[in-house]
Amino acid sequence: SAPSRPEPCVCVRQPAAPAALYAQLVHGQKGLEALEPLGQLLEHIEQDLSSRGTAYLAGDTQSVADVVVWGALFPVLQDETGLPSELPALRTWFQNMTLSEACRKAAGSVLMPEALLEFKLPVHGRRNVLITSALPYVNNVPHLGNIIGCVLSADTFARYCRLRNWNTLYVCGTDEYGTATETKAMEEGLTPQEICDKYNAIHADIYRWFDISFDYFGRTTTPHQTRIAQDIFQRLLARGFLLQDTVEQLRCEGCQRFLADRFVEGTCPFCNYEEARGDQCDKCGKLINAVELKNPQCKLCGGVPVVKTTQHLFLDLPKLQERLEPWLEQSLATGDWTANARYITRSWIRDGLKPRCITRDLKWGTPVPLDGFQDKVFYVWFDAPIGYLSITANYTEQWERWWKNPQQVELYNFMAKDNVPFHSVIFPCSLLGADDNYTLVNHLIATEYLNYEDGKFSKSRGVGVFGDMAKDTGIPADIWRFYLLSVRPEGQDSAFSWGDLMLKNNSELLNNLGNFINRAGMFVCKFFGGVVPDMVLTPDDERLLARVTLELRQYHQLLERVNEPWKRIKGDEKDRQRAGTVTGVAVNVASALAVMLQPYMPSVSVSPLFQKLENDQVEALRKRFGGGQELTEKVAEQVSGGATPALSWLYSPSPQPPRLPQGNYVRQLKANKAEKAEVDTEVAKLLELKKQLLQAEGKSPEVPVPKGKRKK
């Protein structure tokens, strides 16, 4: 007799699968309780498989029916362990199906939990990518360096992961506890909570304008943060990884309080930088104990603090090192860590780990749940990385499926280099010591610093572009994204330059990318009725497409060979066919570029329309955000007699600054093969202008020796 057909079973089963999934994910039901809507149907499949003794539903070979039934069950079960042991035949069938080639390919397209719900969870059989960017301090407005160093870099990767159809969760939020918040609250006459509410909204608006695609942007001042941080603390305490010690700390008698690190400023004991904070030097990057500062000063009242003793709790990093090192070696060997992250981490290990204080004498923070320490809170760098977990917990109650699931989840951390030791050593030590199967970082991506022109960003001095100012420049968010990613400080510090921004926008985007896509689209519409024509690829075309596939970044140069189809449009049929092939290739490359651009410029990848940035427009913006540089600009105008305002481009650190009028004149003379005496006279004028400008800037007046001459 013919084998029983599984199709009726499939038809009555499918409405039950979403019901089971809803019970599992929304109501939190587990095990057999969650499978109750499927109970009778699963038993029917079990009996069918057992009675016939076949490996698959319709026989000994896999059929469409097997794939359909597996596809409906997979989101609910994810693997065979979700099935009761009383269904052995079904468990074996499900395991075999999950391992089959057809189902591995189908896993990315079958009905997934995230398609039914507003939140994402790890899915068995898929690549589950968890992405974090370092939590920005809530007490200030992020500048361009902050944006590229953390959220924009992570966003670009998150968008790429989604294009690959990887199950991706990108979380971030404001770091709201600690001294910096208390300080800002005092400055603005607000409570710490009011400061957090105000600046959390500012951060969210800025990232929204920059089109940062967080799955969830949260904050650390939440009940989840308190619960999770205190749980990790209690687990560390119970396992003997915390120490108690009396420490010396700076106390301001005028303020009648112990001073947390960021309430102190002084000279770095390592590099003698005069504005080092009490916890870390921004210049040399070394961590500091506030009592080590030379010439310390209270930032609240300006008084000179004195050294007093107080009790604090420490994370026993030396004891945890034997757990840290094996994990770290494996992560470094198998993960993608940037060179600076590897170097900084190995330096910490090489120098030997020391106990690290995790409590502070503050009021604004997560309370320490231990007798005798009720007046203290957790130090921000013990507390802040836990914010990744608590923010995810605010996103979904099943946060542990992301953060206690190292077998299925890959964790990517994005940050600036000053945050590396906290993410590669201190935070992993906390999680390893807690011994609760936490997901630890697999890939740590750290940038160097982005400077502004020839200095640092400074809100107080009005130097540099900050996130809330970018949208007022009239330059679209995608152009900012493109430029910041193009100068991303990967191997060394880099600098934002208005001249370079104008150059890249006008040449790379407008002239190259914009014109190419416009021409490709225009030819399809004008000569082929808006339909991509049939193509007859020549060997040259095939080689071109192969190279485009392998080296997309070189596509401008490679397309030079087939960039003049208009010469063949009016020719004979053979020429017209060749024009169609060239146009078709160009349109297909344009389509590929649209996809590849999406992580970088999500709006432009849909509509690549660019506007030219004019020199006057950019010059006005540079002056607007130049702060103290305005004085130098006035001197520069005086040096040039007020007739050549573009002279200020001379000291713009652009790779290819706009030409000076005098420089243009010299080049024109040379091009026209003018008399050597005339050229030398004008060169001398140019060098004198440069010398005077350097003097006006307070720099050394020595100028480079002209080419062709050598000092003796």
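For Lys319, the salt bridge (Lys or Arg N to Asp or Glu O under 4.0 Å) criterion is met by no residue, not counting sequence neighbours. With sequence neighbours excluded, the residues forming a side-chain contact (heavy atoms from CB on, under 4.5 Å) with Phe373 are Gln244, Gln311, Leu313, Val368, Leu370, Lys376, listed by chain and number. Legend: residues meeting side-chain contact (heavy atoms from CB on, under 4.5 Å) with Ile288, ordered by chain and number and at least two apart, are Cys268, Pro269, Phe270, Ala276, Cys281, Glu292, Leu293. Shown here are the side-chain hydrogen bond (donor to acceptor under 3.5 Å, both in side chains) partners of Glu448, two or more places apart in sequence or in another chain: Asn340, Lys417. Under the rule for a side-chain contact (heavy atoms from CB on, under 4.5 Å), the partners of Cys150 that lie at least two apart in sequence or sit in another chain are Ser133, Ala134. Applying the side-chain hydrogen bond (donor to acceptor under 3.5 Å, both in side chains) rule to Tyr160 yields the partners Arg164; only residues at least two apart in sequence or on another chain are considered. Listed by chain and number, the residues in a side-chain hydrogen bond (donor to acceptor under 3.5 Å, both in side chains) with Lys184 amount to none (sequence neighbours excluded). Looking at residues two or more places apart in sequence or on another chain, you find a side-chain hydrogen bond (donor to acceptor under 3.5 Å, both in side chains) between Glu182 and Arg257. For Gln374, the side-chain contact (heavy atoms from CB on, under 4.5 Å) partners at least two apart in sequence or on another chain are Asp371.
A centroid separation of less than 6.0 Å is found between the aromatic rings of Tyr388 and His423. Two rings, from Tyr170 and Phe214, have their centers less than 6.0 Å apart.
Note on residues 328-344: pairs passing salt bridge (charged side-chain N to carboxylate O under 4.0 Å, His left out), not counting sequence neighbours, are Glu329-Arg346. Listed by first then second residue, pairs satisfying salt bridge (charged side-chain N to carboxylate O under 4.0 Å, His left out) with a partner in residues 211-222 read Lys120-Asp215, Arg159-Asp211, Arg162-Asp215, Glu176-Arg219, Asp197-Arg219, not counting sequence neighbours. Residue pairs meeting the salt bridge (charged side-chain N to carboxylate O under 4.0 Å, His left out) criterion with at least one member in residues 269-286, sequence neighbours excluded, are Arg262-Asp279, Arg277-Asp279, Arg277-Asp282.
A donor-acceptor pair under 3.5 Å is absent between the side-chain atoms of Arg481 and the main chain of Leu152, judged by distance alone.
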